[in-house]
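Here's the structure, in structure tokens; my notes come after.
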Amino acid sequence: MTVLDIRRLGDPVLRTPASEVTDFDAELRTLVADLTATMLDAPGVGLAAPQIGVGLRVFTYHVDGVLGHVVNPVLSLDGDLEETEEGCLSIPDLTALPRRAPRAVARGFDQHGEPIRIEGTALLAQCFQHETDHLDGVLFIDRLDSAERRRALKVIRSSAWAGEVVVKESPHESRTGGGRR
């Protein structure tokens, strides 16, 4: 397991839709282990592969003591959208209020290619939606209403890291085609 650098807003990999995983092999298991180590080190409740420069549809989560991952997730959402306080490891020092469904079912695969189905409510549902958005090249600031988005962009522009795009090669990029495209 390796703790990797987390890409920040401005890195093109965060806006590039990720590719489906087709090989459930040792390299995928290493990716899941590295994602998990990086998420726990940050610390965060979720981390998607594009956030470490890898353009594959994989995310990890750690919510209410439950640690897991989903490969090639497909979500089913239920309930009226609600404002939920949210942050993102790729946009440090910002919290905002996107609207999310209160319930989500994630279907996909584990790192060995076995089908999984995980139901989540509250924070877990929010995490599934946030991380799946990352896999689609969408950031949580894209889910804000116009007034909240203006406030968020003002905070981002005044942050110490604004304009700093750190692009470092991930050890997983050569296989996955992740990184800058």
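Since the model is a prediction, treat every value here as computed from it, not as a measurement. All residue numbers in this chain count up from 1 along the given sequence.
For the atom pair CG of Leu97 and CD of Glu83, the computed distance is 5.0 Å after rounding to the nearest 0.5 Å. Atoms NE2 and NE2, on His69 and His62 in that order, are 14.5 Å from each other to the nearest 0.5 Å. Remark: Leu94 CG to Lys154 NZ distance equals 13.5 Å, nearest 0.5 Å. For the atom pair OG1 of Thr95 and CD1 of Ile91, the computed distance is 11.5 Å after rounding to the nearest 0.5 Å. The structure places CD1 of Ile6 at 9.5 Å from CG of Leu35, a figure rounded to the nearest 0.5 Å.
Counting only distance, with no hydrogens or angles, the side chain of Arg149 and the backbone of Ile141 share a donor-acceptor pair below 3.5 Å. A donor-acceptor pair is defined here as one N or O able to donate and one able to accept, closer than 3.5 Å; no such pair exists between the side chain of Asp23 and the backbone of Asp25. With Ser158 contributing its side chain and Val155 its backbone, the two residues share a donor-acceptor pair below 3.5 Å. Asn72 places no side-chain N or O within 3.5 Å of a backbone atom of Glu20 that could act as its donor or acceptor partner. Side chain of Thr38 to main chain of Leu4: a donor-acceptor pair is present (N/O by atom type, distance under 3.5 Å, no hydrogens or angles).
Ion pair Asp136/Arg15 not flagged as a salt bridge, since none of the NZ, NE, NH1 or NH2 atoms sits closer than 4.0 Å to an Asp/Glu carboxylate oxygen. Between Glu119 and Arg117 there is a salt bridge, since at least one side-chain N of the basic residue sits less than 4.0 Å from a carboxylate O of the acidic one.
Contact between Gln111 and Leu28 at its shortest, heavy atoms only, is O-CD2, 3.7 Å. Ala104 and Ala125 get closest at one heavy-atom pair: N-CB, 3.7 Å. Looking at every heavy atom in both residues, Met1 comes nearest to Ala33 through CG-CB, 3.5 Å. Taking both residues in full, the closest heavy atoms of Ser90 and Gln51 are given as OG-NE2, 3.0 Å, listed atom of the first, atom of the second, then distance. The heavy-atom pair separating Cys127 from Gly46 by the smallest distance is SG-CA, 4.0 Å. Residues Thr2 and Asp34 approach most closely at N-OD1, 2.7 Å, considering heavy atoms.
By the 4.5 Å heavy-atom criterion applied to side chains, Val21 and Phe109 are not counted as neighbours. With a 4.5 Å cut-off on side-chain heavy atoms, Ile52 and Asp5 do not count as touching.
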Could you go through Glu148 and Arg150, starting from their C-alpha distance and side-chain angles, then the distance that decides it, and tell me whether this counts as salt bridge (charged side-chain N to carboxylate O under 4.0 Å, His left out)?
CA-CA 5 Å; Glu148 184 75 357; Arg150 279 192 302 279; over 6 Å; no
Given Leu40 and Leu67, is the side chain to side chain contact (heavy atoms under 4.5 Å, CB included) satisfied, shown in steps?
CA-CA 10 Å; Leu40 293 173; Leu67 185 63; 4.3 Å; yes
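Listed by chain and residue number, His130 satisfy the ring-ring contact (aromatic ring centres under 6.0 Å, His included) test with His134 (two or more places apart in sequence, or in another chain).
Val63 belongs to a hydrophobic cluster whose other members, connected by ILVMFWY side-chain contacts under 4.5 Å either directly or through intermediates, are Val45, Phe59, Tyr61, Val66, Val70, Leu75, Leu77, Ile116, Ile118, Leu123, Leu124, Phe128, Leu135.
Pairs of residues two or more places apart, or lying in two chains, that qualify as side-chain hydrogen bond (donor to acceptor under 3.5 Å, both in side chains) and include a residue from residues 97-107 are Ser76-Arg107, Asp78-Arg103, Glu86-Arg100, Arg100-Asp133.
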